[in-house]
Amino acid sequence: MMGFELDDSLKTYNPGKESHRTVTWLKERPFRAAAVCLGVLCVVLLTGIIIVAGHHNHAAVEQPTPSCNLIGEQVQLGTRCNLTDLRREQTRNKNVTKERDQLRITCTNLIQEQDLLGTSNKYLTKEMNQLQTINNNLTQERDLLQTSNNNLSEEMYQLQTINNNLTQERDLLQTSNKNLTEAMYQLQTINNNVTLERDQLKELQRLSDGGGCLAGWQPHGASCYFLSAEKKSWNASRQDCQDKDADLVVIHSEEEQNFINNFCWSVWIGLHDMESESEWKWVDGSPMKLSLWHPGEPNNVGNEDCAELMPESKTWNDIPCSWERHWVCKSVKRN
Ligand SMILES: [Ca+2]
Ligand SMILES: [Ca+2]
């Protein structure tokens, strides 16, 4: 009748068991609760109106009967009809009617407010549904982010584990490297000691050889002499002597020259003019105290910058350095 319907939850309301749920329902749906209250109030007001109207009608229908009887009796009797009581009843009837009209107006206003509240309730319900949808979406996003966060946490844990393993491997490699470095230093020390012992043994061997010269070398005076069995250029021959801690022979006396002549081969000696033509020098930089050039030599025919000793004539001759000859090395004798 008033556009108001009770909620099913109210129809099944049980104060003993559902008090907590009802309080929660009132907190979550305040406008619906207000509408319910207004509807109940309207019902009470209409009930009051009906009761008052019924009482009035009863008074108007039934009470006048004795009044009319009194009037009739007054008319008839002309003595006991009281107009004052009639007026009091009329005034009371007007007041009740006025009160009823005001209650009707109030009820109409309440119905209008109820309709407005219903409309507001629909709007709020729609808005609540939209917010619920948004809330659901946010919940899903939160769950997805939580899942992603869990996955990232697991990956981070795995990476941390890998990092720890790599750190351990690095530490082990550093320890191994340190040990190897120490071992290398120890081996270098051992190698130095062995090299020193080898050199000492070489020296002992040199000194134990005849005349203080190594095996294969011939002692003469304070020097040792080595005659090659093969032929090489002047530079290659000198390099071989230097590899033996010696150099091509430097001749400072005829006696030494005669000793070398006993080798009976044409041999390279440590004499050259490579740096400046016709400026002959010994390989040790010493000055030429002796000149035993063959007559007509050195003639530098064909760019001859290196000297050979010719045993037949026991003289020197300049020839191209690229020619191959035997050679004689000379070193200091060790005593
Ligand atoms: Ca020359
Ligand atoms: Ca020549």
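A quick note: this is a predicted structure, and the numbers were derived from the prediction, not measured. One-based numbering, in listed order, for ligands and for the atoms of each. Residue numbers count from 1 along this sequence.
- Taking the Ca ion (ligand 1) as the apex, the angle formed with OE2 of Glu277 and OD1 of Asp273 is 120°, to the nearest 10 degrees.
- Of all the N, O or S atoms in Asp305, the one closest to the Ca ion (ligand 1) is OD1.
- The side chain to side chain contact (heavy atoms under 4.5 Å, CB included) test with Asn163 singles out one residue from Asn165, Thr167, Leu159, and that residue is Thr167.
- Any protein N/O/S atom under 3.0 Å from the Ca ion (ligand 2) was counted, giving 6 altogether.
- Side-chain contact between Lys231 and His326 is present, with heavy atoms from C-beta onward closer than 4.5 Å.
- Annotation: ring-ring contact (aromatic ring centres under 6.0 Å, His included) contacts involving residues 300-323, sequence neighbours excluded, comprise Trp282-Trp316, Trp293-Trp316.
- With sequence neighbours left out, the ring pair (Phe, Tyr, Trp, His ring centres under 6.0 Å) criterion links Phe226 to Trp217.
- When each of Thr91, Thr84, Leu86 is tested with Arg88 by the rule side chain to side chain contact (heavy atoms under 4.5 Å, CB included), just one qualifies, namely Thr84.
- Every ring pair (Phe, Tyr, Trp, His ring centres under 6.0 Å) that Phe263 has, sequence neighbours left out, goes to Phe259.
- A side-chain donor-acceptor contact under 3.5 Å links Lys330 to the backbone of Val250.
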